[in-house]
Amino acid sequence: MEIGTILLDRYEILEKIGEGGMATVYKAKCHTLDRLVAIKALKSEYAEDEDFVKKFMMECQSAAKLNHPNIVGIYDFHEITNNDKPLYFIVMEYIDGITLKDLIAQKGKISEPEAINISLQILEALKEAHANGIVHRDIKPHNIMISKSGIIKVTDFGIARATTNHTMTTTMDAIGSVHYFSPEQARGAFTDQRTDIYSFGIVLYEMLTGVRPFVGENPITIAMKHIQEEIVPPSELNPEISDAIERVVLKCTMKKQAERYQNAEEVIMDLSAIQSGARSFYTSEDIDESLEQTRIINTVEVEDILDKKKSNIFLDDDDDDFEDTDDYYYDDKQKKRIVKKKSGILPVILGVILAFVISTALYVGYTKLKQGQKANEVKEVTLNNLIGMSEADARQALEELNLKMEIESETTDTTKPFGILNQKPQAGINVKEGSTVYVVLNVDSDQERLESFVGQKIEDIENKISKMALKIEVQYVDSEEEENTIISQNPIAGSTYTEGDTIYLTVSNGKGAEEKTVPNVLGYKFELAKSTLEGEGLIVLDPEYAKSDETAKDAVISQSIQAGEKFEEGDKIKLTVSEGPEEKPEEEPEQKPNETEKPEENTETKPKTADFKVAVPLPQDVDESLIKLVKVVDGQRTTVFEQTYSKSEEVVYVSLKGEPVGEILELYINDNFAETFTVK
């Protein structure tokens, strides 16, 4: 298309900004919405293939549903006639920046921390696409944009999938950029999300070393290397990279799909952990840049070469029809037969026993290690997207996740929107609670900055904040500070603000910090008592056991901190647990001589019972009081007495008849726990 062409009376072509094997990209202006866009137009040889275009349109529709900060947005798709020929083009988000290819060319190779930062954003884009059933199939540095604010944008979702679907149902050709091909693409075999992971691994390799692992004079040669040759470890080309990131690269680029990472999330986890914690190559000058274009590769030719290599295998002896036997096997790498070693049954038995001992020891050790880790485990949260937020809103969003925010740098670039321009770690990554998120903030140099309101009364500053045209959100908390005193503010003092921003204030309600009291667990089974106390924040020590005729076996007899007493989180408590009644030897009844035998009597021991009586003083600050007795059996509570009394009675006597000895009873006055009794 010529510069200045206006498509659909709306899109004005401003300049050509890129060209690949299947499409040309132009910078354009949308006069309807007054914004810059990118126009990607299919080349004529593809635009005239109806079946291809139909599938391409379907994939564009799928890709257009992706909405993610690291994916270039697709706005629209059009079909028009231009110079009497069909023209199919996509209207996309315009990114003002450079490609990853340009960045590698500028730097030669990219430092490990920067490569990880870029990789995590690429993987977040792939994770989103894969979750929506879309496989890119053409991941390469040319399709990865870096905006001026440092945000990574992956483009060209849909085009590779569309063409692959087309070719898989016809010629079984492969499509994509051969330098970043997966082995299954080169063979024309089944592709899935692990295909993108392989291509990503090649991109990461190139970022760390500055070179591609496989190069050659033509696409078929390079495709064959992806299938057959092992990758030179990147550390041989860049000794500065860590062993950990090298393992990530090598796992991404395994030949077999089953041996790679199975999804993008797995790669993200390993790279996040790293972040928080000699074959000859062609030189860049020797590489034919046309090989990097997205293209169709005839996989039949690849298979022919593979078949020929298999048929021309050299054998050590003259038997060309040699097959593996119990005595020999064929080694593909050494191109010869290898004699199998013989061994008796004894080494096998010893090996099995040794393996059992080692595996048992490892399992026990692993179990103890996991138990220790679980005790010290810190909860992880998924980081949300802060890009575009104001400083205050970003801080508030992070506080809700129990995370901190620190401004890594500030800019005053009037060409960019004010607010958060970048964040580390990126959105979607799991981080530990209490972690710090670092942001780049763009502020207006003419803006005023907030003073500190901490320590002031809320009523004293309301007029001042109103004049600043700020909104207020107040959260009252228990605090020993005087009532209505501001404890903290967000944004913090020194932050810039604009009219309409919200300032979040944490204010004391004057009630003091909430004090916890120990719950009553007498009569509970030990496990239930332990979980109840630990749920309140207490540490339950190993129990003591004692014989008891009155308390059921495994139930709590006493607790080292009495019910209703105040405690602080982390205090320790010990429980005494019943072992049941002490066993007494059975005595045989004496039988008098010549005594006439009598029918056997039922000797089953009946439970001991007793009458229970308690005096209850009535509160004098209320007219009436509800008195309640609650029976506790195995942690289950049942109300056995309930009555309302007038304060004029002062003291009432509550009695129960025939209650089992050892039974636990709780007294409640006006639904407030008062005391625990054991029936004796």
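A quick note: this is a predicted structure, and the numbers were derived from the prediction, not measured.
With Thr411 as reference, Leu421 is the one residue of Leu441, Val443, Leu421 to meet the side chain to side chain contact (heavy atoms under 4.5 Å, CB included) rule.
Between the NZ atom in Lys153 and the CG atom in Asn70 there is a gap of 7.0 Å [rounded to 0.5 Å]. Rounding to the nearest 0.5 angstrom, the gap separating the CD1 atom in Ile664 from the OG1 atom in Thr678 is 3.5 Å. Here the straight-line distance linking atom CD of Glu433 with atom CG of Leu403 works out to 7.0 Å at 0.5 Å rounding. Interatomic distance, Tyr476 OH to Asn484 CG, rounded to the nearest 0.5 Å: 4.5 Å. The distance from the CG atom of Leu618 to the CD1 atom of Ile627 is 5.5 Å, given to the nearest 0.5 Å. Note that the CG atom of Leu667 and the OG1 atom of Thr676 stand 9.0 Å from one another [nearest 0.5 Å].
Lys574 is linked by a salt bridge (Lys or Arg N to Asp or Glu O under 4.0 Å) to Glu544, counting only residues two or more places apart in sequence or in another chain. For Arg637, the salt bridge (Lys or Arg N to Asp or Glu O under 4.0 Å) partners two or more places apart in sequence, or in a different chain, are Glu666. For Thr485, there are no side chain to side chain donor-acceptor pair (under 3.5 Å) partners two or more places apart in sequence or in a different chain. Applying the salt bridge (Lys or Arg N to Asp or Glu O under 4.0 Å) test to Glu408 and every residue at least two apart in sequence or in another chain returns Lys424.
Of the possible donor and acceptor atoms, none in the side chain of Glu410 sits under 3.5 Å from a partner among the backbone N and O of Ile407. Remark: side-chain polar atoms of Glu536 are not paired, donor with acceptor, to backbone N or O of Thr532 under 3.5 angstrom. A donor-acceptor pair is defined here as one N or O able to donate and one able to accept, closer than 3.5 Å; such a pair exists between the side chain of Gln262 and the backbone of Arg260. Distance alone, capped at 3.5 Å, places no donor-acceptor pair between the Gln396 side chain and the Ala392 backbone. With hydrogens and angles ignored, the 3.5 Å screen pairs a side-chain donor or acceptor of Gln423 with a backbone N or O of Leu386. In terms of modelled atom types and a separation under 3.5 Å, the side chain of Gln489 and the main chain of Ser452 share no donor-acceptor contact. Listed for the Asn670 side chain is a donor-acceptor partner under 3.5 Å among the backbone atoms of Leu626.
Put simply, the side chain of Val640 reaches to within 4.5 Å of the side chain of Leu656, judged on heavy atoms. Side chains of Ser558 and Leu575 form no contact here, defined as non-hydrogen atoms less than 4.5 Å apart. Between Val381 and Asn402 there is no side-chain heavy-atom pair separated by less than 4.5 Å. Contact annotation: the side chain of Leu120 approaches that of Ser272 to within less than 4.5 Å [non-hydrogen atoms, C-beta and beyond]. Glu483 is not listed as a side-chain neighbour of Asn509, based on a closest heavy-atom distance of 4.5 Å or more. Asn490 has its side chain out of reach of Ile503: every pair of non-hydrogen atoms, C-beta onward, lies at least 4.5 Å apart. Using a 4.5 Å heavy-atom threshold, the side chains of Leu665 and Val632 count as separate. Proximity of Phe612 to Ser655: side-chain heavy atoms (C-beta onward) are nowhere separated by under 4.5 Å.
Residues Glu482 and Ser508 bring no donor and acceptor atom of their side chains to less than 3.5 Å of each other. Checked by atom type, the side-chain pair Asn422/Tyr438 shows no donor-acceptor distance below 3.5 Å. A donor and an acceptor atom, one from each side chain of Tyr504 and Asp393, are located under 3.5 Å apart.
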Report task. With side chain to side chain contact (heavy atoms under 4.5 Å, CB included) as the test, would you mind laying out the steps for Asp192 and Gln257 before giving the verdict? Result -> CA-CA 9 Å; Asp192 59 14; Gln257 289 159 284; 3.4 Å; yes
Query - From CA spacing to verdict: side-chain hydrogen bond (donor to acceptor under 3.5 Å, both in side chains), Glu112, Ser242 - result: CA-CA 8 Å; Glu112 182 172 321; Ser242 66; 2.9 Å; yes
Report task. Walk me through it: do Gln475 and Val507 pass the test side chain to side chain contact (heavy atoms under 4.5 Å, CB included)? Result -> CA-CA 6 Å; Gln475 179 186 11; Val507 179; over 6 Å; no
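Atom CD of Glu568 has 12 or fewer heavy atoms from other residues, nucleotides or ligands within 6.0 Å. In Lys553, the NZ atom is not crowded: 12 or fewer heavy atoms of neighbouring residues, nucleotides or ligands sit closer than 6.0 Å. Few gaps surround CG on Asp611; more than 12 heavy atoms of other groups in view lie less than 6.0 Å from it.
Between Asn520 and Ala563, the shortest heavy-atom contact is CB-CB, 3.4 Å. Contact detail for Leu450 and Leu470: the closest heavy-atom pair is CD2-CD1, 3.9 Å. Residues Asn385 and Pro69 share a closest heavy-atom pair of ND2-CG, 3.7 Å. The two residues Leu401 and Thr382 make their nearest non-hydrogen contact at CD1-O, 3.8 Å. Residues Gly537 and Phe567 approach most closely at C-CE1, 4.4 Å, considering heavy atoms. Residues Pro543 and Val577 approach most closely at CB-CG2, 3.8 Å, considering heavy atoms.
Between Arg395 and Glu399 no salt bridge is recorded (no basic side-chain N to carboxylate O distance below 4.0 Å). The pair Asp501-Lys471 does not count as a salt bridge, with every side-chain nitrogen at least 4.0 angstrom from each carboxylate oxygen. Salt bridge present: Lys464 and Glu451 bring a charged side-chain N and a carboxylate O closer than 4.0 Å.
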N/O donor to acceptor pairs below 3.5 angstrom from side-chain atoms of residues 122-131, sequence neighbours left out:
| unit_1 | atom_1 | unit_2 | atom_2 | d |
| --- | --- | --- | --- | --- |
| Lys127 | NZ | Glu265 | OE1 | 2.6 |
| Glu128 | OE2 | Asn132 | ND2 | 3.4 |
| His130 | ND1 | Leu126 | O | 3.4 |
| His130 | NE2 | Asp196 | OD2 | 2.8 |

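Within the structure, ring pair (Phe, Tyr, Trp, His ring centres under 6.0 Å) pairs that include any residue of residues 636-669 comprise Tyr668-Phe673 (at least two apart or interchain).
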